Amino acid sequence: MMKTLQDKMVLSNGQHIPYIGLGVFQMSEQNYITQAVMQAIQTGYRLFDTAAVYNNEKKVGSAIKECHVARQELFISSKIWNGHQGYDETLFAFERTLRNLQLDYLDLYLIHWPISGKYLDTWRAFERLLKEGAVKSIGVANFKQHHLEDLFRVANEKPVLNQVETHPLLPQNELREFLKKNEIAHAAWSPLAKGTLMQHPVITSIAKKHGAFVDQVILQWHLNRNTIIIPKSITSSRIRENSNLAYFKLDEDDMRKLNKLESGKYVGPDPDDLAYFLSSVEREREFIEKEDIEA
């Protein structure tokens, strides 16, 4: 069945999440954020995915408040960044995120990256937030199978969702099987591989065949695999394009060709890259210090 903005996946805890949402990663220009979120809401988007480190939660919250759409119709997700993981640190970070978004609760809260020695305590805090009703669902991002297996040893609640870099070059097939076995939803970040596939001859030929845009072909590939997608865009036309996918259908031959593009190539950091994540703690401090100064 073709998926639209109105279609939702039922998570393992019974909560419903839209298949198509808007990501706001790297939307640092404040005016663009408000405009993009408002345009997306008018188009029919109801899933919005942000994070503390994006440094734009306040603007996302303001746009949501101004949209005059009932809170229960929206699905708002955010993530805790690396420098604020740990039990007590997580509880403080969550309060800041909730305050920035001007919300009473989050629909989904994610551990942004699996920081060794931290994410187990962070998960305990997540479970407390879930029990208290401050969040409706808890999950993770960028967790590989070994991270999830480690988490399962101590968790009372399994993550309902894992948001990982996924695109035709990195389809995450083995991880997808593990997620399916454990009833964990798969969400894709960088579903368009940061634009690296826009000139790919295989994809452009499929797009031409269907009279579609290249990015629509890639997003349709994700939806055919039952993956939640949160493409980022600040332009009205692209926001509409990314949601209007039901007018064409990829056939078996299209999917076979797309599935053969796997290269194992990351366009973002590998979750096992310890050096990257150690340096990211300093970047988090810079973001928070800037936010506190501007408050």
Side-chain angles (χ1 to χ4, degrees), residues 4-9 11 15-81 84 92-112 126 129-130 132-139 141 160-161 163 185 187-189 191 228-244 287-288 290-292 294-295:
T4 69
L5 285 175
Q6 288 71 47
D7 289 306
K8 298 180 180 181
M9 175 188 293
L11 298 171
Q15 298 295 323
H16 293 70
I17 181 172
Y19 273 98
I20 304 171
L22 180 73
V24 297
F25 174 57
Q26 289 185 333
M27 285 192 192
S28 57
E29 179 56 51
Q30 302 300 307
N31 292 332
Y32 288 152
I33 296 169
T34 302
Q35 179 182 336
V37 173
M38 293 295 290
Q39 175 63 50
I41 290 173
Q42 292 171 10
T43 302
Y45 286 77
R46 292 297 181 263
L47 166 60
F48 295 91
D49 179 76
T50 185
V53 78
Y54 298 171
N55 203 32
N56 57 26
E57 287 179 325
K58 288 183 178 180
K59 281 295 183 179
V60 172
S62 294
I64 290 170
K65 189 174 183 179
E66 294 172 12
C67 75
H68 304 299
V69 173
R71 173 66 183 93
Q72 60 268 25
E73 293 184 22
L74 300 173
F75 193 103
I76 311 301
S77 170
S78 193
K79 312 174 194 72
I80 184 170
W81 188 243
H84 289 92
F92 284 118
F94 174 78
E95 289 301 323
R96 181 186 298 111
T97 281
L98 212 59
R99 184 169 64 250
N100 286 343
L101 288 168
Q102 304 178 62
L103 298 176
D104 296 324
Y105 67 91
L106 281 184
D107 295 281
L108 178 64
Y109 200 33
L110 305 176
I111 298 178
H112 207 149
F126 271 37
L129 293 170
L130 180 67
E132 292 176 348
V135 297
K136 290 192 172 183
S137 299
I138 52 177
V160 300
L161 178 146
Q163 185 185 118
W189 69 260
I228 295 163
I229 53 174
I230 45 172
K232 168 218 160 185
S233 181
I234 60 174
T235 63
S236 298
S237 59
R238 188 58 58 84
I239 287 172
R240 290 192 297 269
E241 285 174 17
N242 290 346
S243 68
N244 182 26
F287 277 121
I288 298 305
K290 178 181 177 182
E291 177 186 83
D292 289 341
E294 294 175 347

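Please read these numbers as outputs of a predicted model, since none were measured by experiment. The first residue of the sequence shown is numbered 1, and numbering continues consecutively from there.
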What is the minimum heavy-atom distance between L101 and S78, and which atoms define it? CD1-CB, 4.4 Å
Do L161 and I228 come within less than 4.5 Å of each other through their side chains, counting heavy atoms only? yes
Step-by-step side-chain contact (heavy atoms from CB on, under 4.5 Å) determination, K79 to D49: CA-CA 9 Å; K79 312 174 194 72; D49 179 76; 2.7 Å; yes
Rounded to the nearest 0.5 Å, what separates atom OH in Y54 from atom NZ in K232? 10.5 Å
For Y45, check ring-ring contact (aromatic ring centres under 6.0 Å, His included) against everything at least two apart and list the hits. none
Carboxylate-amine/guanidinium contact D107 R71, below 4.0 Å: yes
Donor-acceptor check, side chain of D7 to backbone of T4, threshold 3.5 angstrom: yes or no? yes
When rounded to the nearest 0.5 angstrom, what is the spacing between NE2 in H16 and CE in M9? 11.5 Å
For E66 and H68 the tightest heavy-atom approach is O-CD2, 3.1 Å
T50/S77 under side-chain contact (heavy atoms from CB on, under 4.5 Å): CA gap, chis, key distance, verdict: CA-CA 6 Å; T50 185; S77 170; over 6 Å; no
Answer yes if the side chains of Q39 and T43 hold a donor-acceptor pair under 3.5 Å, and no otherwise. yes
In the structure I gave you, are the side-chain heavy atoms of Y105 and K136 within less than 4.5 Å of one another anywhere? yes
Over all heavy atoms of both residues, which pair between L5 and G44 is shortest? Give the atoms and the distance, please. CD1-C, 3.6 Å
Is it true that a side-chain atom of R46 and a backbone atom of I41 form a donor plus acceptor pair closer than 3.5 Å? yes
Point-to-point distance, once rounded to the nearest 0.5 Å, from CG of L129 to OG of S137: 12.5 Å
For the CD1 atom of I76 and the CG atom of L103, what is their distance to the nearest 0.5 Å? 6.5 Å
Which atom of A40 lies closest to which atom of L22, heavy atoms considered: CB-CD2, 3.8 Å
Answer yes if the side chains of N242 and S233 hold a donor-acceptor pair under 3.5 Å, and no otherwise. no
Test side-chain contact (heavy atoms from CB on, under 4.5 Å) applied to Q102 - qualifying residues, sequence neighbours left out: S62, K65
From CA spacing to verdict: side-chain contact (heavy atoms from CB on, under 4.5 Å), Q163, I230: CA-CA 10 Å; Q163 185 185 118; I230 45 172; 3.5 Å; yes
Looking at every non-hydrogen atom in both residues, tell me the closest pair between M38 and A63 and how far apart they are. SD-O, 3.3 Å
Parallel, tilted or perpendicular: ring planes of Y109 versus F126, cut at 30 and 60 degrees: parallel
Could you grab the distance from atom CD of Q35 to atom NZ of K59, nearest 0.5 Å is fine? 12.0 Å
If we only count heavy atoms from C-beta on, is the L110 to I80 side-chain gap below 4.5 Å? no
Taking every non-hydrogen atom, the tightest pair across G139 and L108: N-CD1, 4.0 Å
Could you walk me through whether L74 and I64 pass side-chain contact (heavy atoms from CB on, under 4.5 Å), step by step? CA-CA 9 Å; L74 300 173; I64 290 170; 3.6 Å; yes
SG/C67 to CD/E73 distance, rounded to the nearest 0.5 angstrom? 9.0 Å
Would you say the side chains of N100 and T97 form a donor-acceptor pair under 3.5 Å? no
